[in-house]
Amino acid sequence: MRLILTASVFTLALTACSDRTPNDDPPPAGTTGEFAGVDAESWACNGFEIEVQRMTERAQIRFGGTDYELDRVGEGEPARFEAAGDPELFIEIAGESLTLSRPDMDRDVQCTRR
């Protein structure tokens with residue numbers, strides 16, 4: 001009984017002192033995480049669809065039930081985003097077209113905005 005009461009008081013004290021929520025920090029680049037989906041763009045890609053959420057220096061993409069975090073590489077057009085540690089997984093966006101490349105694909109896939 002004493003242990004349960006102590007743990008409850010400790011948990012309550014931590015909760016009261018913290019104004020951060022568990023999702024305040026984005027997941028590290030290159031890892032899968034919860035897809036925010038806010039302002040996500042839908043793209044049609046040769047029989048499948050991907051969703052892309054772009055930020056200034058990062059992008060998050062979802063396809064095939066998996067989420068990917070990508071970092072911006074370079075400046076200008078096309079905007080290129082690569083997975084950290086895996087430059088073979090990337091997207092390039094220029095206007096209304098997107099190129100998707102993954103290591104497990106034979107060739108790059110061209111996509112159009114929906």
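These numbers come from a predicted model, not from an experiment.
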Quiz prompt | Rounded distance [0.5 Å steps], CD1 in I50 versus CZ in R114 | solution = 11.5 Å
Quiz item: If we ignore angles and hydrogens, is there a donor and acceptor under 3.5 Å between the side chains of T99 and Q110?
Solution: yes
Practice problem: For residues 86-95, pull every pair meeting salt bridge (charged side-chain N to carboxylate O under 4.0 Å, His left out), keeping only residues two or more places apart or in separate chains. | Solution: R80-E92
Quiz item: Rounded to the nearest 0.5 Å, how far does CG of D67 lie from CZ of R62?
Solution: 4.0 Å
Quiz item: Mind checking whether F90 and I93 sit in one hydrophobic cluster, side chains of I, L, V, M, F, W, Y counted as touching below 4.5 Å?
Solution: no
Practice problem: Flag yes if L98 and F48 sit in one hydrophobic cluster, no otherwise; membership is Ile, Leu, Val, Met, Phe, Trp, Tyr, and two members link when side-chain heavy atoms are under 4.5 Å apart. | Solution: yes
Quiz prompt | Within 6.0 Å of CD in E77, more than 12 heavy atoms from elsewhere | solution = yes
Quiz item: V73 and I61: same hydrophobic cluster, using ILVMFWY side-chain contacts below 4.5 Å?
Solution: no
Quiz item: Do L89 and P103 come within less than 4.5 Å of each other through their side chains, counting heavy atoms only?
Solution: yes
Exercise. Measure from the side-chain N and O atoms of R113 to the backbone N and O of G95, and report whether any donor-acceptor pair falls under 3.5 Å.
Key: yes
Exercise. Could I get the full list of side-chain contact (heavy atoms from CB on, under 4.5 Å) partners for D106, not counting sequence neighbours?
Key: none
Quiz prompt | Counterpart residues, side-chain contact (heavy atoms from CB on, under 4.5 Å), relative to R107 (two or more places apart) | solution = N46
